[in-house]
Amino acid sequence: MLADVKETDKLFLGLDCSTQTLKAIIIKENLEEVYVRTINYDIDLPHHKTQGGAHIHEDHLTVTTPTIVWLEALDMLFLLMKHDLVPFSQIVSISGSGQQHGSVFWKKGAEEMLANMKSGASIASQLGQAFSIPDSPIWMDSSTRHECDLLEKAFGGPSGLASASGSCAYERFTGNQIHKQRRVNQSKFDTTERISLVSSFLASIFLGAYARIDGGDAAGMNIMDINSREWLDTALDVVYPGKAQFLKQLLGKVVQSHELEGKISKYFVQEYGFSADCLIIPFSGDNPCSVAGLKLSPGNIAISLGTSDVLFGPLEHINSSSAEGSVMCDPVNPNGHMILLCFKNGSLTREFVRNEVADKNWATFDQLLAQSPAGNNGQIGLFFVQPEITPIFNHKGIYRFDKDGKSVEKFEPAAEVRSVIEGHFLSMYAHAKKQESQQHPCGLLVAPLLILIFSKLLLIFLECK
C-alpha cells in the first residue's frame, strides 16, 4: 500500500517488465520507497496459460510470450494503483527496465494507434492488434543457431563478432531473433513498422510514440558497435541482406540512458491524472539497470538470482571473449562497459527440484539444504532443465555424480537440494574465473536481495570459491 506521502512530495515511478512479473515502484526524491505493486503473469492472467511467464514450444527451443500479456498486465497494474489512491499528478518522471533481448514487432500504423489512445478504454483493447508478430521472442529462446552461425561467419568467426559487438553470437540475442522472424515469418515481417526491445516497447506506451532503444540494452542484440553505440552495417546486412538501411529505420536510433525521451502521453494524463509535464526517461534492460541500481564500480561483481542467474559488473577495459560471456554498455557511464555472464537454469530449475523433493515448499527446501554438509560429500549435480547459455549446451538433462565421479540415477533429497545449489555455484565460479583472467580482477562480491530467498546461499557461494 501507499506509504505516507505529502502533497508537496515529488514522486518517481519505476517499472520492471521481467520474465514472470510486471512491477511498479514509487520513490521520493530522497530515494525513500513509498509504493510497490506486482502483477504475476501466470497467476493474475491465467487465461494466457504461460508457465514462468512464457510459452515453451514443442521443439523446447522456441520460447515466446504473447505481447498482449504485457499490455494486460500494465492495465491491471494501473487499475490497482488507482484503487490504492496513488497520486499520479505528483509523479514527475517515469523510467524502467525490461527483460533483456526480448523483441516486439509493431505493425504498420501502430505509432498512430499509440498517439491516439483514448481515455475510457484499456491499453490492451486499443493496442492488442498493433503487432505484426503477436508472440514476442524472449531471452529463453535457443532456436536461432543457424542465424548465429551466419552472423559469426560474416565477421570472420566468433572473435571478430565479439570484438565488434561485445559478444559472440548468442541464440537469445535480438539480432538473431529478428533474423529468424524475417526468415520464417516473412509475410508478417513485411508488415512491420518498428522493432522494439521490451524496454523501449514499454517506454513507447507511456510516450505515445516509438521510444528509442537504450544503448545499454542494445548491447544485448549482437548488432550494435560496442564502442560507438551505433548499428553495425555488416551485422544488419546479415539479418536482412541488402536491406541494412531499411532495418535501421525499423530499429530507430540508439539513445543514451541519461537522455530525455519526451513527455507523457495524453492518454495517461486524461485516464489517470498524470501531469502533462511528467517526463519519460529511456527504459533499459534489466541487467544494465541492476548495475546502475547497485552503484557498482570497476572491480565489483554482483550476482542476481532470478529466472536466469546473472553475474555482472562494470569494466575499466574491454577484452571481449569469443567463447562465453558478454561485454555490454554501462548504463551510467556513457563511455563505460560491463561484463555479464547469464545462466539460464536459474530459479525455475531450483523450483523444479523444490517440487520434486521438497513438497513444493521453500521452507522444506531450506531444511533439506541445512541437513547436507558443505561439499555434499563429494556428490555433484548438473541440472539442465532448460538448454543452457553458460556454458552453451543446447540439450536438457540432469547429470549426477558420486564422490568417485561415477554417474548415478538419483540422490537423497537433502543431497539433491544441495547439488542443485552447489553445482550451479561451482559452474558460476568456474566461468567467472575464466573472465577474471581476461577482464578486470574481481573484488567485492555484491549479492542483490534476490539471493536472500535462502539465508545460506551467499555462504554456499563463498564456500564454492
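Here Lys23 contributes atom NZ and Leu77 contributes atom CG; the two are 11.5 Å apart, rounded to the nearest 0.5 Å. With rounding to the nearest 0.5 Å, the separation of SG in Cys278 from CG in Leu13 is 7.5 Å. Here CZ of Arg354 is found 10.0 Å from CG of Leu348. Values are rounded to the nearest 0.5 Å. The CG atom of Leu45 sits 7.5 Å away from the OG1 atom of Thr50 when rounded to the nearest 0.5 Å. With rounding to the nearest 0.5 angstrom, the CE atom of Met76 is 10.5 Å from the CG atom of Asn40. For the atom pair Met113 CE and Leu127 CG, the distance stands at 5.5 Å (nearest 0.5 Å).
The shortest side-chain heavy-atom distance between Ile389 and Arg172 falls under the 4.5 Å cut-off. With contacts defined as side-chain heavy-atom distances shorter than 4.5 Å, the pair Val310/Leu340 qualifies. In this structure the side chain of Phe283 reaches within 4.5 angstrom of the side chain of Ile280, judged on heavy atoms. Within the 4.5 Å cutoff, the side chain of Ile123 has heavy atoms near those of the Met117 side chain. At a threshold of 4.5 Å between non-hydrogen side-chain atoms, the residues Leu11 and Ile27 do not count as touching. Looking at heavy atoms from C-beta onward, Ile195 lies in side-chain contact with Ile178 at the 4.5 angstrom threshold. Looking at heavy atoms from C-beta onward, Glu33 lies in side-chain contact with Val36 at the 4.5 angstrom threshold. Annotation: side chain of Val420 is not in contact with side chain of Phe425 (no heavy-atom distance under 4.5 Å).
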In a table with atom names and distances, give each donor-acceptor pair under 3.5 Å that connects a side chain of residues 235-247 to protein atoms at least two apart or in another chain.
| residue | atom | partner | partner atom | Å |
| --- | --- | --- | --- | --- |
| Asp237 | OD1 | Gly242 | N | 2.8 |

For residues 211-223, run the donor-acceptor check on the side chains, cut-off 3.5 Å, and write out each pair with its distance to 0.1 Å, sequence neighbours left out.
| residue | atom | partner | partner atom | Å |
| --- | --- | --- | --- | --- |
| Arg212 | NE | Glu261 | OE1 | 2.8 |
| Arg212 | NH2 | Leu260 | O | 3.3 |
| Arg212 | NH2 | Glu261 | OE1 | 2.8 |
| Asp214 | OD1 | Ser257 | N | 3.4 |
| Asp214 | OD1 | Ser257 | OG | 2.6 |
| Asp214 | OD2 | Gly216 | N | 2.9 |
| Asp214 | OD2 | Asp217 | N | 3.2 |
| Asp214 | OD2 | Ser284 | OG | 2.5 |
| Asp217 | OD2 | Ser199 | OG | 2.5 |
| Asp217 | OD2 | Gly285 | N | 3.4 |
| Asn222 | OD1 | Tyr170 | N | 3.2 |
| Asn222 | OD1 | Asn176 | ND2 | 3.2 |
| Asn222 | ND2 | Ser165 | OG | 3.3 |
| Asn222 | ND2 | Ser167 | O | 3.3 |
| Asn222 | ND2 | Cys168 | O | 3.3 |

Sequence neighbours left out, cut at 3.5 Å: what donor-acceptor pairs do the side chains of residues 85-95 make with other protein atoms?
| residue | atom | partner | partner atom | Å |
| --- | --- | --- | --- | --- |
| Gln90 | NE2 | Lys6 | O | 2.8 |
| Gln90 | NE2 | Glu7 | O | 3.4 |
| Gln90 | NE2 | Asp9 | O | 2.8 |
| Ser95 | OG | Ile281 | O | 3.4 |
| Ser95 | OG | Pro282 | O | 2.9 |

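Formation of a donor-acceptor pair under 3.5 Å by the Asp59 side chain with backbone atoms of Thr62 is found in this model.
Within a 6.0 Å sphere centred on CD of Glu32, other residues, nucleotides and ligands contribute more than 12 heavy atoms. In the displayed structure, Glu112 atom CD is contacted under 6.0 Å by at most 12 heavy atoms of other residues, nucleotides or ligands. In this structure, Lys28 places its NZ atom where more than 12 heavy-atom neighbours from other residues, nucleotides or ligands lie under 6.0 Å away.
No salt bridge links Lys180 with Glu147; every basic N to acidic carboxylate O contact stays at or beyond 4.0 Å. A salt bridge links Arg145 with Asp149; the closest basic N to acidic carboxylate O contact falls under 4.0 Å.
Between Phe173 and Trp139, the distance separating the two ring centers is not shorter than 6.0 angstrom. The distance between the ring centers of His424 and Phe343 falls below 6.0 angstrom. Taking the six-membered ring for Trp and the full ring otherwise, Phe206 and Tyr267 have centroids separated by 6.0 Å or more.
When the salt bridge (charged side-chain N to carboxylate O under 4.0 Å, His left out) test is applied to Asp309, the partners found at least two apart in sequence or on another chain are Arg350. Considering only residues two or more places apart in sequence or on other chains, Thr65 meets the side chain to side chain donor-acceptor pair (under 3.5 Å) condition with none of them. Taking Glu388 as the reference, Asn345 meet the side chain to side chain donor-acceptor pair (under 3.5 Å) condition, with sequence neighbours excluded.
For His101 and Glu171, the side-chain atoms include no donor-acceptor pair closer than 3.5 Å. Of the N and O atoms on the side chains of Ser18 and Gln99, not one donor lies less than 3.5 Å from an acceptor on the other residue. In the model, Glu193 has a side-chain atom that pairs as donor or acceptor with a side-chain atom of Tyr210 under 3.5 Å. If you check the side chains of Lys344 and Ser142, you find a donor sitting under 3.5 Å from an acceptor. A donor-acceptor contact closer than 3.5 angstrom links the side chains of Asp190 and Gln186. Inspection of the Asp16 and Ser97 side chains reveals an N or O donor paired with an N or O acceptor under 3.5 Å. Judged by distance alone, the side chains of Gln386 and His60 never bring a donor and an acceptor atom under 3.5 Å apart.
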